[in-house]
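Structure, as structure tokens:
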2 protein chains.
Amino acid sequence: MQSRTPASRTGRPRSAAADTAILAATRQALVELGWSRLTLGDVATRAGVAKTTLYRRWAGKPELVVDAVAELFDELELPDRGSLAADIEGVVLQFAAILARPEARSGLMAVVAESTRDEALRERIRASIVDRQKRLVLEGRARAEARGELPPPAGPAEAARSADLIFDVVAGAVVHRTLVSAEPADEEWVRGFTRVLLGGLGAASA
Amino acid sequence: MQSRTPASRTGRPRSAAADTAILAATRQALVELGWSRLTLGDVATRAGVAKTTLYRRWAGKPELVVDAVAELFDELELPDRGSLAADIEGVVLQFAAILARPEARSGLMAVVAESTRDEALRERIRASIVDRQKRLVLEGRARAEARGELPPPAGPAEAARSADLIFDVVAGAVVHRTLVSAEPADEEWVRGFTRVLLGGLGAASA
DNA sequence: GGCATTACGCTACGACACGTAGCGAAAGCT
DNA sequence: AGCTTTCGCTACGTGTCGTAGCGTAATGCC
């Protein structure tokens with residue numbers, strides 16, 4: 001979350017309940033108002049805290065929304081479904097379910113847009129949202145290699161490159177489908193996507 | 001662009017020069033200020049027009065930025081490079097070059113984020129930005145079929161589905177690589193992406 | 001218990017951008 | 001000419017921003 005100062009052991013501690021109330025209020029405001037109409041004063045009122053308390057903990061709207069949205073991705077996991085295809089379909093459907101929620105739709109793209117001009121914000125997004133997703137890619141590939149479904153990478157550099165590539169393809173496709181094309185990434189779509197991802201374009205219409 | 005009223009033939013016509021000056025000023029402001037700090041008053045000053053003139057032509061910041069960014073995609077085309085792989089690499093590199101420009105980076109994601117709560121804005125984006133890109137997918141596939149590189153789709157419904165899927169995969173991957181991972185979609189990356197797209201995951205590390 | 005320290009709620013404030021109204025002047029058409 | 005629409009300009013009420021200041025509440029340390 002925000003920058004902890006572990007050296008401060010004296011004085012009144014920050015209310016942990018206020019943190020959760022503020023983040024929940026932020027998500028609710030995202031649902032009802034969207035990113036642009038969301039104001040920090042309104043969030044403070046919803047959470048039952050003073051506006052100044054909010055500014056003492058977060059630098060601004062983007063930082064607050066990143067933390068509020070990041071909690072949505074806590075539920076992401078990668079259960080072993082027995083095959084690479086089934087693993088991919090499972091995790092993509094989870095990701096799609098999160099992106100189907102209005103608080104994720106309005107919040108996520110907005111903070112990414114803001115991060116194009118704010119290096120610190122991009123790092124915050126990477127640490128609290130992106131890295132958690134990317135770990136699933138590495139896990140899934142390791143499993144597929146163990147099953148003999150994928151050849152081991154040529155070396156560590158090549159392994160990192162291809163993991164980054166696969167991550168951009170998977171996450172990018174789901175995000176684009178959901179937010180730009182504005183169509184649901186439902187089971188049928190995910191099946192088609194997995195087929196292309198595993199077999200390439202020639203297998204698209206099989 | 002904005003809603004033309006062809007019935008109005010009398011009175012002083014709108015200055016076409018003002019349109020181009022406003023859109024150019026919008027892109028310049030996007031580069032220097034980004035989306036959040038961009039104000040319509042500032043754009044009007046840069047363009048040398050009154051703020052009221054701007055409001056007479058565009059409903060608000062999102063609509064203005066959509067039109068300003070859409071012009072960046074005018075240069076997209078699909079030259080015949082002889083093979084499907086070469087065609088894909090060519091158009092993806094063009095798309096990546098546009099997304100590398102700061103006015104596209106800051107503007108595009110912001111209006112997409114805004115469009116999650118604004119149906120009219122999403123339609124505007126689709127008509128002036130997305131459809132132009134999607135046409136390239138259809139063209140590229142038709143060429144590949146003519147060359148015998150891809151099998152013809154099973155039917156018109158399946159053809160539309162797979163075209164939408166491919167479009168989301170290609171555009172999504174490039175956007176995610178550029179804006180979320182914040183890494184350049186350079187020639188090396190595009191080669192790897194094309195290999196995966198054509199041959200599937202097994203071909204990733206070849 | 002008393003003290004220092006930090007967080008909290010509240011109020012008030014200047015700064016800024018928003019979007020609109022009203023006016024006179026300019027530029028086209030018939 | 002006369003009509004119509006756009007343009008530049010000024011001014012205004014509204015809302016949000018982010019901060020300052022104050023008194024109060026909650027903890028750790030002596």
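Quick note on labels: first sequence line is chain A, next is B, and so on, each numbered from 1.
Between the side chains of B:R141 and B:S162, at least one donor N or O lies within less than 3.5 Å of an accepting N or O.
Across D:dT5, D:dT27, C:dA7, the shortest atom-to-atom separation from the side chain of B:T10 is found for D:dT5. Each of C:dC18, C:dG9, C:dC8 was ranked by its minimum atom distance to the side chain of A:A50; first place goes to C:dG9. When each of D:dT27, C:dA7, C:dC18 is scored by its nearest atom to the side-chain atoms of A:R14, the top-ranked nucleotide is C:dA7. Here the side chain of A:T53 is nearest to one of C:dC18, C:dC8, C:dA26, namely C:dC8. Listed nucleotides: C:dG19, D:dG18, D:dC9. Nearest to the side chain of B:T52: D:dC9.
The interatomic distance linking B:Y55 (OH) with C:dA17 (P) rounds to 11 Å, in whole Å. Between the CG atom of A:L33 and the P atom of D:dG15 there is a distance of 15 Å, given to the nearest Å. For the pair A:L40 CG and D:dT16 P, the computed distance is 11 Å after rounding to whole Å. Between the CZ atom of A:R57 and the P atom of D:dG18 there is a distance of 18 Å, rounded to whole Å. Remark: C1' of C:dC16 and CZ of B:R37 are 13 Å apart, rounded to the nearest angstrom. With rounding to whole Å, A:K51 atom NZ is found 17 Å from D:dC22 atom C1'. The separation between A:L54 atom CG and D:dT19 atom P is 12 Å, rounded to whole Å. One interatomic measurement links the two molecules: CG of A:L64 to P of D:dC17, which rounds to 11 Å at whole-angstrom precision.
Comment: A:D87 engages A:R143 in a salt bridge, judged by a side-chain N to carboxylate O separation of less than 4.0 angstrom. Ion pair A:R124/A:D118 not flagged as a salt bridge, since none of the NZ, NE, NH1 or NH2 atoms sits closer than 4.0 Å to an Asp/Glu carboxylate oxygen. Salt bridge present: A:R161 and B:E188 bring a charged side-chain N and a carboxylate O closer than 4.0 Å.
Remark: A:R56 is not in phosphate contact with C:dA7, judged by side-chain N or O atoms under 4.0 Å from OP1 or OP2. Within the structure, every side-chain polar atom (N or O) of B:R12 is placed at least 4.0 Å from both OP1 and OP2 of C:dA26.
Of the two residues near DNA chain C, B:G11 and B:K61, the one whose nearest nucleotide lies more 5' is B:K61. Where A:P13 and A:A59 meet DNA chain D, the nucleotide closest to each residue was compared, and A:A59 sits on the side nearer the 5' end.
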Criterion side-chain hydrogen bond (donor to acceptor under 3.5 Å, both in side chains) on B:T116 and B:R122, from CA distance to verdict: CA-CA 7 Å; B:T116 60; B:R122 174 161 44 219; over 6 Å; no
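Among the heavy atoms of the strands lying under 4.0 Å from A:S15 are primed sugar atoms or P, OP1, OP2 only; no base atom is included.
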